[in-house]
There are 2 protein chains.
Amino acid sequence: MVKPCKQSPAGMQCKEEDLKSFRQWGSKIPGHPENFETPGVEVTTGPLGQGIANAVGLALAERHLAARFNKPDAEIVDHYTYCILGDGCNMEGISNEACSLAGHWGLGKLIAFYDDNHISIDGDTEIAFTEDVSARFESLGWHVIWVKNGNTGYDEIRAAIKEAKSVKDKPTMIKVTTTIGFGSPNKANSYSVHGSALGAKEVEATRNNLGWPYEPFHVPEDVKSHWSRHTSEGAALETEWNAKFAEYEKKYPEEAADLKSIITGELPAGWEKALPTYTPESPADATRNLSQQNLNALAKVLPGFLGGSADLASSNMTLLKMFGDFQKNTPEERNLRFGVREHGMGAICNGIALHSLGLIPYCATFFVFTDYMRGAMRISALSEAGVIYVMTHDSIGLGEDGPTHQPIEHLASFRAMPNILMFRPADGNETAGAYKVAVLKRKTPSILALSRQKLPQLDGTSIEGAAKGGYIVSDDSSGNKPDVILIGTGSELEIAVNAADELRKGGKTVRVVSFVCWELYDEQSAEYKESVLPASVTARVSIEAGSTFGWQKFVGDKGKAIGIDGFGASAPAGRIYKEFGITAEAVIAAAKEVS
Amino acid sequence: MVKPCKQSPAGMQCKEEDLKSFRQWGSKIPGHPENFETPGVEVTTGPLGQGIANAVGLALAERHLAARFNKPDAEIVDHYTYCILGDGCNMEGISNEACSLAGHWGLGKLIAFYDDNHISIDGDTEIAFTEDVSARFESLGWHVIWVKNGNTGYDEIRAAIKEAKSVKDKPTMIKVTTTIGFGSPNKANSYSVHGSALGAKEVEATRNNLGWPYEPFHVPEDVKSHWSRHTSEGAALETEWNAKFAEYEKKYPEEAADLKSIITGELPAGWEKALPTYTPESPADATRNLSQQNLNALAKVLPGFLGGSADLASSNMTLLKMFGDFQKNTPEERNLRFGVREHGMGAICNGIALHSLGLIPYCATFFVFTDYMRGAMRISALSEAGVIYVMTHDSIGLGEDGPTHQPIEHLASFRAMPNILMFRPADGNETAGAYKVAVLKRKTPSILALSRQKLPQLDGTSIEGAAKGGYIVSDDSSGNKPDVILIGTGSELEIAVNAADELRKGGKTVRVVSFVCWELYDEQSAEYKESVLPASVTARVSIEAGSTFGWQKFVGDKGKAIGIDGFGASAPAGRIYKEFGITAEAVIAAAKEVS
């Protein structure tokens with residue numbers, strides 16, 4: 001099933017008529033702002049706190065690009081980022097995370113309006129929200145302004161924006177005290193105007209109260225013309241900027257090419273040649289380290305590639321060695337230091353990705369801590385933000401840190417999420433294959449689950465294979481009819497390979513299949529799938545150090561899935577694998593049972 | 001596979017010998033503190049920010065129980081809650097959420113030590129964490145004290161605790177400035193002492209520096225005796241309290257019985273009789289409303305039952321009508337107002353649940369926003385905290401709010417999580433059945449996915465059936481051999497029932513099975529499972545308004561799973577169901593295809 005309606009071609013506007021289809025099937029005006037449905041909507045919000053964190057990402061992107069591309073004689077990147085947030089957003093932890101970073105980074109061109117209406121869905125905020133929000137923002141390094149009459153104090157608001165622009169080293173929060181449902185004589189200042197329609201009677205009373213004599217859905221001519229002037233003004237600004245850029249391109253052809261690639265999302269020709277490849281003779285290594293080789297190779301050829309970790313750079317192996325840290329005084333650099341703020345990190349990366357199609361943000365933490373940032377990751381998927389999630393320590397194989405740190409259900413949980421690619425590469429070639437797809441898929445986020453422990457470079461793995469999601473690594477049968485098919489992913493592909501060797505010695509013909517990414521495999525043709533998993537071969541065993549949930553799809557009624565359906569334990573990795581039965585012996589026993 | 005080691009019997013202590021098994025298989029001293037492995041550890045932490053939020057829950061529990069049970073002549077509940085948190089915890093959004101609530105609630109007996117060592121895993125906190133933490137806590141309504149010499153300033157620390165205790169209307173944060181790795185001549189004040197062993201040479205240098213002449217793992221006698229005095233002191237305090245309680249029991253038998261039930265977790269006899277039951281004649285209703293009938297019925301008979309919502313009480317239908325709000329001045333009440341702070345809410349409930357076995361906290365939000373609190377929910381599961389998660393608006397059936405609010409992958413994602421029960425009841429009886437199990441399972445958290453939309457009371461549903469996880473709702477075949485089995489959950493069980501009616505009219509024999517809770521079904525005997533889903537009947541169709549991920553397990557290779565594997569849309573519910581093909585027509589077509 002496809003979504004009912006997609007963003008209309010660039011430049012196409014919403015029409016007055018569209019207002020009538022609010023929240024109806026196929027409408028351009030859905031229940032919450034969605035960048036993929038409505039022209040002019042830049043990010044997808046609704047889940048509280050995402051918007052302000054997106055805004056921090058948008059402001060970061062501007063600051064970074066301005067620092068890299070502006071010249072003393074050409075200010076080619078220059079915009080403010082505006083955001084409105086409410087009481088609910090300010091209660092959410094994600095907003096504190098993102099705003100702490102905005103203060104730390106000194107994002108002076110970020111201006112956030114806090115709609116201080118003292119009402120949330122459960123009523124007056126007095127029942128749950130009595131902190132001093134302004135003082136908190138000041139403690140986070142923000143400049144704070146209070147507009148006391150937000151209902152009609154237009155001059156105050158204008159003055160506040162002017163003041164905010166004059167403060168260049170800090171983001172500004174303008175607390176705007178307002179009345180929710182302003183104008184409604186009986187429902188203003190109450191939670192009942194949040195999500196419910198006013199009702200015909202109260203609409204009438206509100207119209208009378210506000211002196212609004214027009215028909216429903218009618219936009220008066222003066223309002224329309226006042227608003228429409230933005231079309232010509234915007235067109236003039238665009239023409240001006242295009243001329244400026246043409247000049248810039250002549251003077252600074254190299255920078256202009258990079259900036260163009262970042263704006264359009266057109267990747268530089270031949271970028272994929274930078275991806276490293278490996279042979280079975282290449283040294284064994286953890287896929288987190290192989291990932292770092294890819295990250296560093298890609299940052300050299302992709303001008304919009306930048307990212308970082310939530311305080312685990314040295315464990316996630318995410319540092320770009322040729323760059324310094326993006327900081328207040330070095331905004332041209334590309335290593336982002338998010339601190340221990342996973343949820344804020346994800347939403348900031350959504351903002352970066354949606355700022356310019358060629359900005360390719362990656363972010364990292366331990367795979368298990370996707371639990372802290374899932375809200376933002378789902379918005380990546382929904383809003384078509386091609387963020388790359390570098391998630392290391394991807395199983396019980398991380399060892400001593402124990403079950404709080406060991407993912408079990410996480411692979412399954414993301415395989416079930418729409419429009420996100422869940423990769424679990426087994427070695428260097430598959431890691432490069434995952435990155436190749438992740439970079440190409442600018443409208444689909446990717447997650448790479450990577451090992452802490454060393455893994456060998458396997459025979460038969462390839463970038464091309466990985467890009468198909470599931471593929472044959474080895475097979476000693478003929479005529480597409482092996483006795484048994486062994487399926488592995490990530491660190492367990494090696495175990496499948498070892499088990500196959502043993503089984504072959506015992507006279508069985510064995511196919512080994514790597515399932516790097518289920519979603520990509522699902523996209524392949526029926527013919528391809530039949531060539532990898534022939535319907536006639538029902539003797540199948542899968543092995544993965546994680547939940548077996550969902551594996552029935554590939555092993556079928558007669559196959560067997562080896563995995564872990566309880567929590568892990570704190571001990572050295574080798575011991576845990578043995579105790580939990582994630583071993584070649586277990587695969588061999590299962591293979592004999594099913595074949 | 002079971003976990004290698006479980007908490008030893010009450011009172012059993014860790015031995016000196018155990019120190020040597022740090023982070024080894026079967027050890028009582030795993031990589032992070034785990035309440036289910038180590039006696040004396042009260043909550044499971046490691047994932048940053050959970051601990052301080054647990055502490056808020058523990059302090060809330062104390063305040064609530066003290067307000068309910070203390071008498072002018074008998075202070076039977078009276079303890080402080082202490083917590084240590086680090087720079088990383090203070091960066092996490094969850095800690096800001098929980099601390100904002102602690103300030104709002106005025107939890108004066110909560111004392112948190114902030115280990116201000118300026119080092120996190122990526123190095124000096126200067127790179128990502130430059131906010132004024134003390135000022136932030138003050139803005140949240142906390143009393144703040146700064147101990148400048150946290151390494152050796154014992155008297156300063158004692159004085160700070162004394163001061164903290166004197167401030168009765170606010171929680172206290174004691175910022176203790178320390179040196180990480182204090183005593184290590186070459187590694188102190190660096191991130192390298194966080195998770196890695198010092199190494200033999202540096203251990204030697206540290207021993208010399210600190211003047212520590214003892215053998216490895218040796219606890220000197222004076223230290224041991226200094227520490228061991230707590231055993232006898234604790235025993236004396238317990239005897240004293242027991243005597244006090246005996247007297248209390250005489251004077252206040254009713255209160256004493258309630259408190260005893262809360263402390264021991266022994267539920268009052270016959271409590272389950274309070275659960276409402278329904279017949280097909282009972283009015284159609286949304287399961288969120290039926291849930292509220294259960295919540296209100298249970299709160300009357302279970303003295304430790306309390307909870308609330310993250311600012312959606314009137315949507316989640318979670319208010320207990322006979323109680324007021326738990327607030328600073330009314331801590332004896334049982335409706336908790338969490339504000340829009342899902343992650344903090346979950347972790348606070350973990351603290352409440354782990355405070356006393358008979359405290360049964362429930363908490364609520366829209367099902368999709370479990371994405372915001374999954375970190376805490378996983379800790380409920382791992383640490384055996386029987387929190388009840390009331391999750392309404394459980395599918396595209398919520399309608400107009402659109403895809404940001406419509407869960408798709410969430411059922412699958414929790415079915416894959418260990419030790420948590422994922423319920424999706426179809427009507428009143430199944431909702432009551434889900435609550436019955438959820439209350440009984442004090443060491444397993446439960447999630448109830450509940451509808452926004454009205455559903456009929458179905459023929460054949462029952463509390464007993466729901467408690468088995470999956471059961472037959474109707475069957476017109478004989479000899480356990482229907483032509484086709486239709487499986488539904490929640491709001492789609494009605495669709496399965498309607499499809500069955502049509503198919504039966506067409507001459508097919510049909511079994512309808514409700515799958516309320518996969519985990520409970522998995523626990524049933526092989527015989528029971530064969531009686532519900534006979535291996536010989538491979539014509540099976542499932543229908544659920546969510547991801548089909550994982551359904552192959554029950555529909556098998558020859559069956560068909562009807563669901564939604566992309567994102568939803570903003571429109572009225574009926575229209576969305578039709579557009580996405582979640583209809584009786586689709587079930588009938590699939591049934592004809594497979595049978």
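Here is the naming used below: chain letters follow the sequence lines, and residue numbers restart at 1 for every chain.
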Proximity breakdown for Pro33(A) and chain B, heavy-atom pairs closer than 4.5 Å: neither
Proximal component of Leu312(B), with respect to chain A [non-hydrogen, under 4.5 Å]: both
Criterion side-chain contact (heavy atoms from CB on, under 4.5 Å) on Arg378(B) and His410(A), from CA distance to verdict: CA-CA 11 Å; Arg378(B) 190 175 203 259; His410(A) 299 75; 3.4 Å; yes
Residue pair Asp401(B), Arg23(A): steps toward the side-chain contact (heavy atoms from CB on, under 4.5 Å) verdict: CA-CA 8 Å; Asp401(B) 269 338; Arg23(A) 298 190 152 204; 3.1 Å; yes
Arg337(A) side-chain N/O to Thr125(B) backbone N/O, donor-acceptor pair under 3.5 Å: no
Which atoms of Trp551(A) approach chain B - backbone, side chain, both or neither, heavy atom under 4.5 Å: neither
Flag side-chain contact, heavy atom, 4.5 Å: Arg575(A) against Gln24(B): no
His343(A) and Tyr372(B) aromatic ring geometry - parallel, tilted or perpendicular at 30°/60° bounds: perpendicular
Considering all heavy atoms, the nearest Ile379(A)-Thr404(B) contact: CD1-CG2, 4.3 Å
Whether His104(A) side chain and Ile127(B) backbone form a donor-acceptor pair below 3.5 Å: yes
Residue pair Pro403(A) / Glu34(B), side-chain heavy-atom distance below 4.5 Å: yes
Proximal component of Thr45(B), with respect to chain A [non-hydrogen, under 4.5 Å]: backbone
Pick from Glu97(B), Arg415(B), Gln50(B) with the largest number of heavy-atom pairs that fall under 4.5 Å of chain A: Glu97(B)
Region of Leu48(A) that comes under 4.5 Å of a non-hydrogen atom in chain B: both
Residue, of Pro30(A), Ser21(A), Ser95(A), that accumulates the most heavy atom pairs under 4.5 Å with chain B: Pro30(A)
Residue part contacting chain B, namely of Phe129(A), when any heavy atom lies under 4.5 Å: both
Contact leader toward chain A among Gly141(B), Gly195(B), Gly402(B), Gly556(B), where contacts are heavy-atom pairs under 4.5 Å: Gly556(B)
Nearest heavy-atom neighbours spanning Arg374(A) and Asp371(B): NE-OD1, 3.3 Å
Region of Glu519(A) in contact with chain B, defined by heavy-atom distances below 4.5 Å: neither
Best-contacting candidate, Glu126(B), His405(B), Gln327(B), Met373(B), against chain A by heavy atom pairs under 4.5 angstrom: His405(B)
Winner by heavy-atom pair count (cut-off under 4.5 Å) against chain B, out of Ala416(A), Gly31(A), Ser413(A), Gly550(A): Ala416(A)
Best-contacting candidate, Leu336(B), Thr130(B), Ile576(B), against chain A by heavy atom pairs under 4.5 angstrom: Thr130(B)
Chain B interface, residue from Ala98(A), Pro47(A), Ser314(A) that has the most non-hydrogen pairs under 4.5 Å: Pro47(A)
Largest heavy-atom contact set with chain B, pairs under 4.5 Å, which of Ala313(A), Gly339(A), Gly49(A): Ala313(A)
Engaged part of Val368(B) at the chain A interface, taking heavy atoms whose separation is under 4.5 Å: side chain
Region of Thr44(A) that comes under 4.5 Å of a non-hydrogen atom in chain B: side chain
Part of Asn96(A) lying under 4.5 Å from any heavy atom of chain B: side chain
Separation between CZ of Arg136(B) and OG of Ser100(A), rounded to the nearest 0.5 Å: 7.0 Å
Interatomic spacing from CZ in Phe549(A) to CH2 in Trp518(B) - rounded to 0.5 Å: 4.0 Å
Phe22(B), CZ atom: more than 12 neighbouring heavy atoms under 6.0 Å: yes
Side-chain heavy-atom pair Asp565(B), Met417(A) within 4.5 angstrom cut-off: no
Aromatic ring pairing Phe580(B)/Trp25(A), orientation class (parallel under 30°, perpendicular over 60°, tilted between): perpendicular
Pairs of heavy atoms under 4.5 Å with chain B: top-ranked of Ser120(A), Ser134(A), Gly399(A), Ser383(A): Ser120(A)
Chain B contacts, top residue of Thr548(A), Asp132(A), Asp325(A), Ile121(A) (heavy-atom pairs, under 4.5 Å): Ile121(A)
Check: Arg341(B) side chain, Ala128(A) main-chain N or O, donor-acceptor pair, under 3.5 Å: yes
Interchain contact, Glu138(A) with chain B, by part (heavy-atom threshold 4.5 Å): neither
Greatest number of heavy atom pairs closer than 4.5 Å to chain A - which of Gly546(B), Ala376(B), Gly123(B), Gly375(B): Gly375(B)
Sidechain N-carboxylate O distance under 4.0 Å for Asp557(B), Lys558(A): no
Max heavy-atom pair count under 4.5 Å with chain A, selected residue of Glu409(B), Glu131(B), Met377(B): Glu409(B)
